[in-house]
Amino acid sequence: MYFPSRIRALAAGAALLAASAIAQAQQLPNVVILATGGTIAGAGASAANSATYAAAKVPVDKLIAGLPEISKVANVKGEQVFQIASESFTNDNLLVLAKRVSALVKQSDVDGIVVTHGTDTLEETAYFLNLVVRTSKPIVVVGSMRPGTALSADGALNLYDAVNVAASKDAMGKGVLVTMNDEINSGRDVSKSINIKTEAFKSQWGALGMIVEGKNYWFRAPVKRHTAQSEFNIDEITTLPQVDIAYSYGNVTPTAYEALGKGAKAIIHAGTGNGSVAAAVVPTLQKLRADGVQVIRSARVPGGFVLRNAEQPDDKYDWVVAHDLNPQKARILAMVALTKPLSAADLQRVFWEY
Ligand code: DAS
């Protein structure tokens, strides 16, 4: 039977639906998800495997398809930048990722960026982006402690939160952010403090806020320089200098410092207490400094900050203190800072400001 008026009505209805879908999409922010691997893309043999699984398996399009709720929050596009476990991240990975972020945030049709990442070095990548990407648009780094195949997997909500924050105007100008376990943390301050719980990421100065059911609740903002206010720019960086970390402990010898000092532009001393240097190591650090290697005192103690000229004569030895940065964060800042020819005094200013 042929009913032209019904067909016309159906066609008109379909056109109306299509038009409203387009109008709605035009109203939503545009968020790009750059996937690098990690547990958030991991898969285990069974739902009972929350710790035994393979990281970096699930492609970004599958992650997005598995989270239809985000289509109501933003127009989301995915790019698979890498598919690796983040303990294997290299300086080249950092450069490639940061340059892609920098290119995307320059686009007027991109409102925010999400980076999915393994949790092991997530804090390093988040801080690196915080230092070198010149933008006020939200950049949110996110991971998960359990693979998506596990009971009570945390990745889906972490990713949903990350897209919400990346799509939020009130997240602009706060530096690189990390959304894990309902919290919004600063990419500068946050570090992985527990290796087998979903509440793994903590900032010793506290979270910036929380996100609940897609709404951001802010309680503070960063005071250190970042992103648009940074003097560093990934578009002007082609390579990163070698900076290594030497861990200190009782009975320590200069062996590691001597070996690392052969190729490094800076050594991060993960000292005991307030970044203390064992008497057996002082002469080696003095020689490294004389040879042009920067010596930066951080601490193996997770909380507090290293004081300049307290138990160690930093002025006399021309050493730098890492302030409140843990050794792995201090390494990221030292690498970025030493892309420029800085004296120890200049470097110390950078550690106070960033
Ligand atoms: N191997 C860990 C990593 O890729 C898995 C994870 O926790 O994301 O960082």
Side-chain angles (χ1 to χ4, degrees), residues 33-64 66-67 78-98 100-101 113-130 139-163 165-166 176-203 207 245 302 326-329 331-332 335:
I33 298 179
L34 298 178
T36 72
T39 293
I40 195 166
S46 87
N49 288 127
S50 60
T52 309
Y53 57 85
K57 292 293 175 204
V58 179
V60 63
D61 292 341
K62 210 168 165 208
L63 290 179
I64 295 170
L67 201 55
E79 290 184 14
Q80 193 76 46
V81 185
F82 315 117
Q83 185 69 292
I84 56 176
S86 75
E87 62 268 25
S88 302
F89 242 66
T90 64
N91 285 352
D92 285 346
N93 293 136
L94 286 177
L95 290 170
V96 167
L97 177 63
R100 186 60 189 140
V101 174
I113 301 285
V114 169
V115 175
T116 60
H117 196 290
T119 61
D120 286 11
T121 61
L122 189 149
E123 66 202 80
E124 298 172 40
T125 299
Y127 190 33
F128 182 73
L129 297 173
N130 197 57
I139 301 170
V140 186
V141 186
V142 64
S144 73
M145 293 300 290
R146 296 173 181 154
T149 48
L151 290 172
S152 299
D154 55 329
L157 182 56
N158 287 351
L159 182 55
Y160 177 72
D161 289 347
V163 171
V165 173
V176 172
L177 302 168
V178 174
T179 57
M180 298 280 287
N181 198 51
D182 308 318
E183 286 191 346
I184 308 170
N185 276 285
S186 157
R188 176 194 185 273
D189 298 343
V190 78
S191 65
K192 184 173 180 179
S193 56
I194 302 173
N195 54 22
I196 51 170
K197 285 173 76 174
T198 51
E199 188 184 7
F201 280 75
K202 289 292 169 193
S203 302
I245 302 171
N326 64 28
Q328 56 271 29
K329 297 261 189 182
R331 174 182 163 270
I332 294 293
M335 277 201 303

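For ligands, and for the atoms within them, numbers begin at 1 and follow the listed sequence.
Of the options T179, V190, L177, a side chain to side chain contact (heavy atoms under 4.5 Å, CB included) to N185 is made by V190 and by none of the others. The only option from K329, Q328, R188, K192 that meets the side-chain hydrogen bond (donor to acceptor under 3.5 Å, both in side chains) definition with E123 turns out to be Q328. The side chain to side chain contact (heavy atoms under 4.5 Å, CB included) test with I332 is passed by exactly one of L94, N91, N130: L94.
Residue E87 approaches ligand 1 through these ligand atoms, each under 4.0 Å from one of its heavy atoms: 1 (N), 2 (C), 3 (C), 4 (O), 9 (O). Proximity to G38 (heavy-atom distance under 4.0 Å) selects the following atoms of ligand 1: 4 (O), 8 (O).
Considering only non-hydrogen protein atoms, atom 7 (O) of ligand 1 sits nearest to T119 OG1, 2.4 Å. For atom 4 (O) of ligand 1, the closest non-hydrogen atom of the protein is S86 N, 2.7 Å.
A 4.5 Å side-chain heavy-atom check between L34 and V114 finds every atom pair outside the cut-off.
Here's the thing with T39: one of its N/O atoms is less than 3.5 angstrom from an N/O atom of ligand 1. Residue H117 places no N or O, backbone or side chain, under 3.5 Å from any N or O of ligand 1.
There is a side-chain donor-acceptor pair under 3.5 Å between H117 and T125.
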